[in-house]
Asker: 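Quick one: the structure is below, questions incoming.
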Amino acid sequence: MTMFALVDCNNFYCSCERLFRPDLKRVPVVVLSNNDGCIVARSQEAKDLGIKMGTPLFKARNEIKRYGIRVFSSNYTLYGDISSRVMQTLEQFSPRMEIYSIDEAFLDLSGTGSWPDYGQQIRSTVKRHVGVPVSVGIAPTKTLAKLANYAAKKFRATRGVVDLSDPRRQQRLLALTPVSEIWGIGRNLTRTLERRGMRTALDLAQINPRQAKRLSSVVLERTVRELNGESCIELDEVAAPKQQIVCSRSFGEKLTDYSKVREAICEFTARAAEKLRREKLAARMVNVFIRTSPFDNAGPKYSNSATGTLPQSSSDTLEILALATRLFDMIWKEGCRYAKTGIMLGDFCSPDRIQLDLFDMGPGRKRSDNLMRVIDTINQGGQGKVWFGGQRPQKNWFMRQENLSPAYTTKWNCIPVVK
DNA sequence: TCTGGGGTCCTAGGACCC
DNA sequence: TCTGGGGTCCTAGGACCC
């Protein structure tokens, strides 16, 4: 019998921040999005205080002060490293595993017995080896495993593990769960379904799959089938090759200056090209966008983007930069207070299959590859020592990160010392 | 004053082909 | 004069996820 487990770290970013700060145990903690904009992770204590996911920091200032909530800027270097440790630990529990996001993974538990015990074993092992708490949901479809995990987190009596292999238990939980909590049902679908009188997951599970398709799309049809125990979404063991790479960011302050916004675009282009080379890909499509903030009433609203095609697929920062800056000039408008800019790369192929330009048969290409390799090696040292014309080394306006924790596990000088 | 970033998938509609 | 049907590819936009 096919059985999936969804293992999901509890309040992952907060748990990471606490790993090296035992003094923060039982203290409410929140972690902010890039640029210290919104609250994107909350410890249980912070949730209990009514802090909502996605709240802009400035709207929670009062509560933070009143309850002494500890605030952290996001530290993706730390979270990424802890994540890979969790995943390594999970690998030993199943021959087939899909890393679904930074803090969760599906395991194939078919053929294993006594699922609740096995779930508890997973929990205690991750806690012992890495130190972060996880919850485990077990069920015959991925959608039900997600639901089981939701219950494992929500109901304390489950001790962090819910086994939904029994259809009667599935029904009971479905009846208790609001339709909005189902994997794949977002804000819009919730509205559509509620308008038709479906409020619980059970209400949705009971409609005809074909009707679900008519109501929305095959995605909803699959969800209905999965809720009824029919597995439609397979385990993806190998990550699909990327189809696009995006680098974008809001600024720490509004920018009106052409040269500063252009610097930002150059910076993002260099980063995106690095990612591209790390994935061993080459891109042909480049898209650049700029926009003002929808919340900013102090100036005109403006949002625009431009797309261009490279003469041939490339992962060379200089070639991409040349196109990106040209696209940027096409959409630049004077007199706006810009809040955000970014670049998208797409239309990928692997570099060994690049269609060569008639006039670029080899040596030039090779030189560019070598140059990029050298630059990547130098920059991986950590501080970004080589940059291109247009990028700028010190950018104090760039991103707000006022409460950043140390890179405890990835930088020698940040490793905690036991006295 | 202060509102994230990086992705995927699906559908509809237009252009084009035979 | 009569003016089909099926297929592919591309793009934009919407919805969702973490």
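Below, read A as the first sequence line, B as the second, and so on, with proteins coming before strands; counting in each chain starts at 1.
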Asker: Could you encode protein contacts along nucleotides 13-18 of chain C as a string, one character per nucleotide from 5' to 3', using B for base contact, S for sugar-phosphate-only contact and - for no contact, with a heavy-atom cut-off of under 4.0 Å?
Answerer: --SSSS
Asker: Which residue is it: A:L202, A:T141, A:T177, A:L204? I am looking for the one with a side chain to side chain contact (heavy atoms under 4.5 Å, CB included) to A:L227.
Answerer: A:L204
Asker: Side chain of A:Q243: nearest nucleotide among B:dG5, B:dT8, B:dG6?
Answerer: B:dT8
Asker: Enumerate the residue pairs fulfilling side chain to side chain donor-acceptor pair (under 3.5 Å) with a member in residues 100-109 of chain A, sequence neighbours excluded, ordered by first and then second residue.
Answerer: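 For residues 100-109 of chain A: A:R96-A:D108, A:Y100-A:W183, A:S101-A:D103, A:S101-A:E104, A:E104-A:K146, A:D108-A:S110.
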Asker: Where along residues 40-79 of chain A does a heavy atom come under 4.0 Å from DNA chain B, residue by residue in number order?
Answerer: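 Contacting residues: A:P56, A:F58.
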Asker: Please determine if A:K340 forms a cation-pi arrangement with A:F251, meaning its NZ or CZ atom is less than 6.0 Å from the six-membered ring centre and no more than 45° off the ring axis.
Answerer: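 Pair A:K340/A:F251 does not count as cation-pi.
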Asker: Between A:A339 and A:K242, who's closer to the 5' end of DNA chain B by nearest nucleotide?
Answerer: A:A339
Asker: Applying ring-ring contact (aromatic ring centres under 6.0 Å, His included), name anything that partners A:Y118, two or more places apart in sequence or on another chain.
Answerer: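 ring-ring contact (aromatic ring centres under 6.0 Å, His included) check on A:Y118 returns A:F93.
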Asker: Could you walk me through whether A:Q170 and A:D166 pass side chain to side chain donor-acceptor pair (under 3.5 Å), step by step?
Answerer: CA-CA 6 Å; A:Q170 292 168 18; A:D166 178 356; over 6 Å; no
Asker: At a heavy-atom distance below 4.0 Å, what parts of residues 208-220 of chain A sit against DNA chain B?
Answerer: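 Here the set is A:S217, A:V218, A:V219.
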Asker: May I ask you to say what A:R222 touches in the nucleic acid, namely base, sugar-phosphate or nothing, with a heavy-atom cut-off under 4.0 Å?
Answerer: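 Counting heavy atoms under 4.0 Å across all strands, the contact made by A:R222 is with sugar-phosphate only.
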Asker: Checking ring-ring contact (aromatic ring centres under 6.0 Å, His included) for the pair A:F289/A:F268: CA distance, chi angles, key distance, verdict?
Answerer: CA-CA 11 Å; A:F289 63 90; A:F268 297 148; 8.9 Å; no
Asker: May I have the step-by-step check of salt bridge (charged side-chain N to carboxylate O under 4.0 Å, His left out) for A:E267 and A:K260, ending in yes or no?
Answerer: CA-CA 11 Å; A:E267 170 73 19; A:K260 281 186 177 170; over 6 Å; no
Asker: Is a donor from one side chain sitting under 3.5 angstrom from an acceptor on the other, for A:T317 and A:R277?
Answerer: yes
Asker: Using both pair distances under 3.5 Å as the test, note the stems of at least 3 consecutive Watson-Crick or G-U pairs that include DNA chain C.
Answerer: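 Listed by first number, the stems are B:5-18 with C:5-18.
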Asker: Show your reasoning for whether side chain to side chain donor-acceptor pair (under 3.5 Å) applies to A:E263 and A:Y258.
Answerer: CA-CA 9 Å; A:E263 279 161 22; A:Y258 169 84; over 6 Å; no
Asker: Check whether more than 12 heavy atoms from other residues, nucleotides or ligands sit under 6.0 Å from atom CD of A:E234, and answer yes or no.
Answerer: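 No - once you tally the heavy atoms of other residues, nucleotides and ligands closer than 6.0 Å, there are 12 at most.
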Asker: Ring-plane angle category for A:Y79 and A:Y76, please: parallel below 30°, perpendicular beyond 60°, tilted otherwise.
Answerer: perpendicular
Asker: Check the pair A:I122 / A:L107 against side chain to side chain contact (heavy atoms under 4.5 Å, CB included), numbers first and verdict last.
Answerer: CA-CA 11 Å; A:I122 293 175; A:L107 306 184; 4.0 Å; yes
Asker: If the P atom of C:dT3 is compared with that of B:dC17, how far apart are they to the nearest Å?
Answerer: 23 Å
Asker: Taking all atoms of both residues into account, what is the closest heavy-atom pair of A:T55 and A:K52, and its distance?
Answerer: OG1-O, 2.6 Å
